[in-house]
Amino acid sequence: MHINKIMVIGAGQMGSGIAQVAAQAGLEVVLNDIKDEFVRRGLNTITKNLSRDVEKGRKTEEEKRAILARIQPSTDLADAKDVQLVIEAAVENMEIKCDIFRKLDSIAPAGAILATNTSSLPITEIAAVTKRPELVIGMHFMNPVPVMKLVEVIRGLATSNETYQTIEELSKKMGKVPVEVNDFPGFVSNRILLPMINEAIYCVYEGVATPEAIDEVMKLGMNHPMGPLTLADFIGLDTCLAIMEVLHEGLGDSKYRPCPLLRKYVKAGWLGKKSGRGFYVYEG
Ligand SMILES: CC(=O)CC(=O)SCCNC(=O)CCNC(=O)[C@H](O)C(C)(C)COP(=O)(O)OP(=O)(O)OC[C@H]1O[C@@H](n2cnc3c(N)ncnc32)[C@H](O)[C@@H]1OP(=O)(O)O
Ligand SMILES: NC(=O)C1=CN([C@@H]2O[C@H](COP(=O)(O)OP(=O)(O)OC[C@H]3O[C@@H](n4cnc5c(N)ncnc54)[C@H](O)[C@@H]3O)[C@@H](O)[C@H]2O)C=CC1
């Protein structure tokens with residue numbers, strides 16, 4: 001199926017990045033969130049990224065303007081009435097995602113693909129709340145979306161080959177490398193990454209070392225570009241906790257229990273970079 005207009009739901013860290021990369025690939029994008037101020041925040045992030053590209057000579061001012069002109073703000077799901085694809089990037093919460101997919105099922109055109117950027121939640125279960133499970137798929141981008149090449153493409157039990165092929169081709173058109181992964185908790189990326197981040201948080205909790213020392217060990221010792229605690233703050237501690245809960249519940253092994261310190265930080269509203277403080281404090 002030819003895709004030229006999509007809706008991105010959620011204008012947060014991931015949704016704004018997905019909208020930017022889609023518009024850069026020439027697609028018309030409807031960027032949706034629950035409040036106009038959240039959509040504007042997402043558009044500001046995209047504008048900042050594009051301005052940096054212009055400063056660095058990677059894009060002209062005209063290209064930046066043309067990309068921004070392809071992104072239409074929205075706070076109404078009814079704006080999905082004429083898109084060929086929706087990519088949902090709302091919060092990592094099953095009830096909220098299922099509620100969005102139920103509503104989309106009666107708004108989006110009959111043949112439209114409904115994709116989710118979920119970090120860990122079961123695609124099969126999300127698909128099952130719609131009447132179009134063959135058109136539901138996981139399209140899991142990595143943070144920050146404009147930079148990271150990977151898209152994990154995850155079939156639900158009923159996802160059709162045509163849907164898979166369409167999303168595989170679109171990922172490449174967006175300059176990404178699609179990798180097929182099966183529908184199990186955390187897929188591959190977060191099945192491996194989040195237990196490592198959780199262990200790093202346990203090291204803080206048990207007093208093995210300070211956050212700075214732990215990050216320094218993994219940067220200097222393992223050549224990680226960001227230490228695990230900096231990365232946790234970057235991802236969002238609420239998202240990290242949600243993923244650990246999905247692994248713990250979905251795989252039933254106590255090794256996936258979220259560290260009590262992670263839970264405490266989320267309860268305190270210390271969500272990392274996006275809230276101004278997590279393991280580290282971020283200015284303005
Ligand atoms: C949780 C999930 O479900 C799945 C996930 O996403 S797991 C998380 C996956 N992501 C990671 O592991 C990220 C690990 N960190 C990194 O790769 C790097 O630190 C980084 C690419 C984020 C930044 O790179 P860096 O070399 O450390 O810093 P920096 O020089 O500032 O950035 C490098 C380039 O990336 C760009 N960049 C950095 N952060 C960016 C952002 N948030 N948005 C857009 N572009 C960004 C910068 O523009 C810069 O390019 P230019 O200087 O040419 O403009
Ligand atoms: N943060 C990360 O590093 C990554 C996150 N993800 C996944 O992407 C999704 C979004 O994560 P982030 O962008 O980090 O979250 P975020 O907290 O930055 O943004 C989430 C956005 O969703 C919006 N939202 C909530 N309910 C909504 C609804 N009903 N309709 C429309 N918008 C709604 C919020 O207002 C917010 O703007 C989650 O499923 C997460 O697991 C995937 C890859 C990486």
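Note that ligands are numbered from 1 as they come in the structure, with each ligand's atoms numbered from 1 the same way.
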Handout entry: M142 to ligand 2, any heavy atom closer than 4.0 Å
Key = no
Handout entry: contact_flag A89 ligand 2 heavy-atom lt 4.0 Å
Key = yes
Handout entry: Mode of S119 contact toward ligand 1 - side chain, backbone, both, neither (heavy atoms, under 4.0 Å)
Key = both
Problem - Identified side chain to side chain contact (heavy atoms under 4.5 Å, CB included) counterpart of H140 within the set V188, I154, V151 - result: I154
Practice task
Return yes when at least one protein heavy atom is under 4.0 Å from atom 31 (O) of ligand 1, and no when none is.
Solution key: no
Practice task
Check the surroundings of atom OH in Y282: do more than 12 heavy atoms from other residues, nucleotides or ligands lie under 6.0 Å from it?
Solution key: yes
Exercise for the section: Say whether K97, considering both its backbone and side-chain N or O atoms, lies within less than 3.5 Å of an N or O atom on ligand 2. Expected result: yes
Handout entry: ligand 2 N/O within reach of H140 N/O, cut-off under 3.5 Å
Key = no
Completion exercise
Of K274, E37, Q13, the residue with the heavy atom nearest atom 17 (O) of ligand 2 is K274
Exercise for the section: Scan the protein's non-hydrogen atoms and note whether one is under 4.0 Å from atom 53 (O) of ligand 1. Expected result: yes
Handout entry: Proximity of D53 to ligand 1 by residue part, where a heavy atom lies under 4.0 Å
Key = neither
Problem - atom 17 (O) of ligand 1 within contact range, any protein heavy atom under 4.0 Å - result: yes
Handout entry: ligand 1 contact on H224 by region, counting heavy-atom pairs under 4.0 Å
Key = neither
Practice task
Would you check whether I235 has a nitrogen or oxygen atom less than 3.5 angstrom from a nitrogen or oxygen atom of ligand 2?
Solution key: yes
Practice task
Please state which part of N190 comes within less than 4.0 Å of ligand 1, counting heavy atoms only: side chain, backbone, both or neither.
Solution key: side chain
Exercise for the section: Using a distance threshold of 4.0 Å (strictly less than), state whether atom 5 (C) of ligand 1 has a protein heavy-atom neighbour. Expected result: yes
Problem - Side chain, backbone, both or neither: L193 near ligand 1, heavy atoms under 4.0 Å - result: side chain
Handout entry: Heavy-atom nearest neighbour in the protein, as seen from atom 2 (C) of ligand 2, with distance rounded to 0.1 Å
Key = N143 ND2, 3.6 Å
Handout entry: Electrostatic pair E61:K64 at N-O distance under 4.0 angstrom
Key = yes
Handout entry: Among G272, S119, A90, closest by any non-hydrogen atom to atom 38 (C) of ligand 2
Key = A90
Practice task
Establish whether atom 42 (N) of ligand 1 and some protein heavy atom are separated by less than 4.0 angstrom.
Solution key: yes
Problem - Non-hydrogen protein atom less than 4.0 angstrom from atom 34 (C) of ligand 1 - result: no
Problem - NZ/NE/NH1/NH2 to OD/OE distance under 4.0 Å, R40 and D36 - result: yes
Handout entry: Identity of the nearest option to atom 21 (C) of ligand 2, non-hydrogen atoms only, from I96, D33, L150, D238
Key = D33
Practice task
Using a 4.0 Å heavy-atom threshold (strictly under), name the region of F234 that reaches ligand 2: side chain, backbone, both or neither.
Solution key: neither
Problem - R70 side chain to V30 backbone, donor-acceptor under 3.5 Å - result: no
Exercise for the section: Using a 4.0 Å heavy-atom cut-off, say whether T116 meets ligand 2 through its side chain, its backbone, both or neither. Expected result: neither
Problem - Selected option - heavy-atom contact closest to atom 5 (C) of ligand 2, from E92, M14, K35 - result: M14
Practice task
Examine the proximity of ligand 2 to I9 and report which part, side chain or backbone, both or neither, has a heavy atom under 4.0 Å away.
Solution key: side chain
Practice task
May I ask you to check if ligand 2 and E88 share an N or O to N or O distance below 3.5 Å?
Solution key: no
Handout entry: Contact check, R41 vs ligand 2, heavy-atom distance below 4.0 Å
Key = yes
Fill in the blank from the handout: Note: heavy atom closest to atom 11 (C) of ligand 1, options N117, N143, L150, V145, belongs to N143
Practice task
Please determine if T239 has a nitrogen or oxygen closer than 3.5 Å to a nitrogen or oxygen of ligand 1.
Solution key: no
